[in-house]
Visitor: 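Quick one: structure below, then a few questions.
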Amino acid sequence: MPAISKRGQEIYLSPFRKLIPYADQAKAEGKKVYHLNIGQPDILTPPSAIQAVKDTDMKILAYSQAIGNLSYRKKLVSYYKDYGMWLKPSDMIVTTGASEAILFLFLSCLAPGDEIIIPEPFYANYNGFAQMAGVVVKPITCSLEDGFALPTINDFEAAITEKTKAIFITNPNNPTGCVYPEDILIELSQIVKVYDLFLFADEVYREFCFDGQQFFSVLQVEDLAENVVIIDSISKRFSACGARIGTIVSRNREVIDSVTKYAKLRLSPPGFEQVLAEATLDVDPSYMEETIEEYQRRRDVVFDRLRQMEGVVNYRPGGAFYAFAKLPIDNGDKFCQWLLEDFDHNGETLMLAPGEGFYATEGLGEQEVRMAYVLNTNDLNRAMDCLEQALATYPGRVVLEKVNSKVSD
Ligand SMILES: Cc1ncc(COP(=O)(O)O)c(C=O)c1O
């Protein structure tokens, strides 16, 4: 049998996958499992956008332009304008999800061995794309006690070496739910400018900012247009993960030209799904208002319930649909497996994502977990009942050092 390559053998596999067989087994045994482990929203995809696909009258499902349909990119111009981003259709490339956008960006902007600074914890798949492009991830650790606020400018400066080519932020953040305020992003922009770095901003959760917070994009910063690249997607915004439609947005011509060549190699983004994506831009604003309200209600449930659990350290996440918390447990991997294998509360349990997988620094996040609040508030409350009960009976329960979140009210 021919052997696969070393690269093929060593390719990154999401650390969360190893829990799936335990969840399947729990379900086979008749347990109800509340899935808070994955960011798959349960909100309906806008019916009018699905209808637009049904209404198409294509006789041939042809390749689209490699950079995406012009009609879609033209409409995106006014979408971004509403966020203070002034763009032309030629500043955008439609990709097969944000995932492809990230890979294309790494391949276009970074050489093997180049370093990219990412505040941790971060969306774990960035590791895989960095590995595919031979890029070295340099994490800067954020702290749970201050709600995973962006590291200070001094921290960023200390992490910059002659190999640093880019800083990568996720705003609002997965897994922390942190929303970065305008003044902090402007400060960060100054460093980016001084060291002439790329600033990649993954804004796939842009709409999901709670408590009246105003979203601010680094693309709004004057004089930074050539450094900034935005990664975008309709997966979360319109609960359309399966559509596989993302976007790269930049006013840097060289970036767009290089990514265009990658886009041409894979010929075309998905066809029907671009029709769906275009139709999302005509969806009644009430859809988004109600979605944001619903996520905020869920955030409140998770935050309030966690706050009442003895020994848990948490904070009020300001956006996206994730909460990250520190639990009084010996090890997140063990705890999450135990929840599925050995625990039930009236025939029910929950699945969480262990925190360690979101850190690049070894040994961090051992007692942390991420919860995606992608269930209705009833189910979330039941999942929180399970968690409360589980923490009371888990054999590996430990006493955490007394640390209080500074942002827990
Ligand atoms: C921060 C972030 N970026 C990118 C992605 C991938 O998005 P897509 O489905 O558009 O590939 C995800 C998915 O969970 C995400 O959370």
Side-chain angles (χ1 to χ4, degrees), residues 12-17 35-43 45 49 68 72 76 79 92-107 116 118-130 132-133 137 139 142 148 150 166-180 199-209 215 217-218 229-249 259 262-263 266 269-270 273-274 276-277 280 295 317-324 352-353 355 357-360 370-374:
Y12 173 88
L13 177 69
S14 161
F16 315 121
R17 299 193 78 84
H35 282 274
L36 304 188
N37 56 304
I38 174 168
Q40 168 58 61
D42 63 333
I43 304 281
T45 310
Y72 178 40
L76 281 172
Y79 165 77
M92 300 165 204
I93 295 176
V94 181
T95 54
T96 309
S99 304
E100 187 183 69
I102 298 162
L103 177 62
F104 283 178
L105 266 192
F106 284 3
L107 292 169
I116 182 163
I118 316 182
E120 67 179 357
F122 58 77
Y123 173 53
N125 281 0
Y126 294 159
N127 282 316
F129 300 124
M132 284 163 87
V137 172
C142 304
F148 294 105
L150 206 61
I167 292 175
F168 193 167
I169 57 168
T170 312
N171 182 34
N173 193 280
N174 172 12
T176 69
C178 190
V179 178
Y180 303 138
L199 179 55
F200 300 154
D202 182 336
E203 298 182 353
V204 305
Y205 298 96
R206 180 181 300 112
E207 272 73 8
F208 304 147
C209 295
F215 173 80
S217 172
V218 281
V229 188
I230 304 295
I231 293 148
D232 215 341
S233 168
I234 64 162
S235 287
K236 314 293 167 160
R237 182 174 311 142
F238 289 108
S239 193
C241 295
R244 312 310 306 131
I245 296 290
T247 328
I248 283 179
V249 179
V259 173
Y262 284 103
R266 64 84 170 101
E273 290 78 357
Q274 285 189 77
L276 180 133
T280 60
Y295 281 133
F321 45 62
Y322 303 100
F324 211 69
L352 303 170
F358 298 98
Y359 286 89
R370 185 194 72 175
M371 296 164 219
Y373 36 93
V374 289

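We're numbering straight along the sequence, starting at 1. In each ligand, atom 1 is the first atom listed, and ligand 1 is the first ligand listed.
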Visitor: Which one of T95, D232, V94 satisfies the side-chain contact (heavy atoms from CB on, under 4.5 Å) criterion with I248?
Guide: T95
Visitor: Can R206 and N171 be counted as having a side-chain donor-acceptor contact under 3.5 angstrom?
Guide: no
Visitor: Would you call the rings of F208 and F321 parallel, tilted or perpendicular if under 30° counts as parallel and over 60° as perpendicular?
Guide: tilted
Visitor: Students should find this: residues with any non-hydrogen atom under 4.0 Å from ligand 1. What is the answer?
Guide: G97, A98, S99, Y123, Y126, T170, N174, D202, V204, Y205, S233, S235, K236, R244
Visitor: Centroid-to-centroid, Y205 to Y322, below 6.0 Å?
Guide: yes
Visitor: Between Y126 and D202, is any side-chain donor less than 3.5 angstrom from a side-chain acceptor?
Guide: yes
Visitor: Taking the six-membered ring for Trp, are F129 and F106 closer than 6.0 Å centroid to centroid?
Guide: no
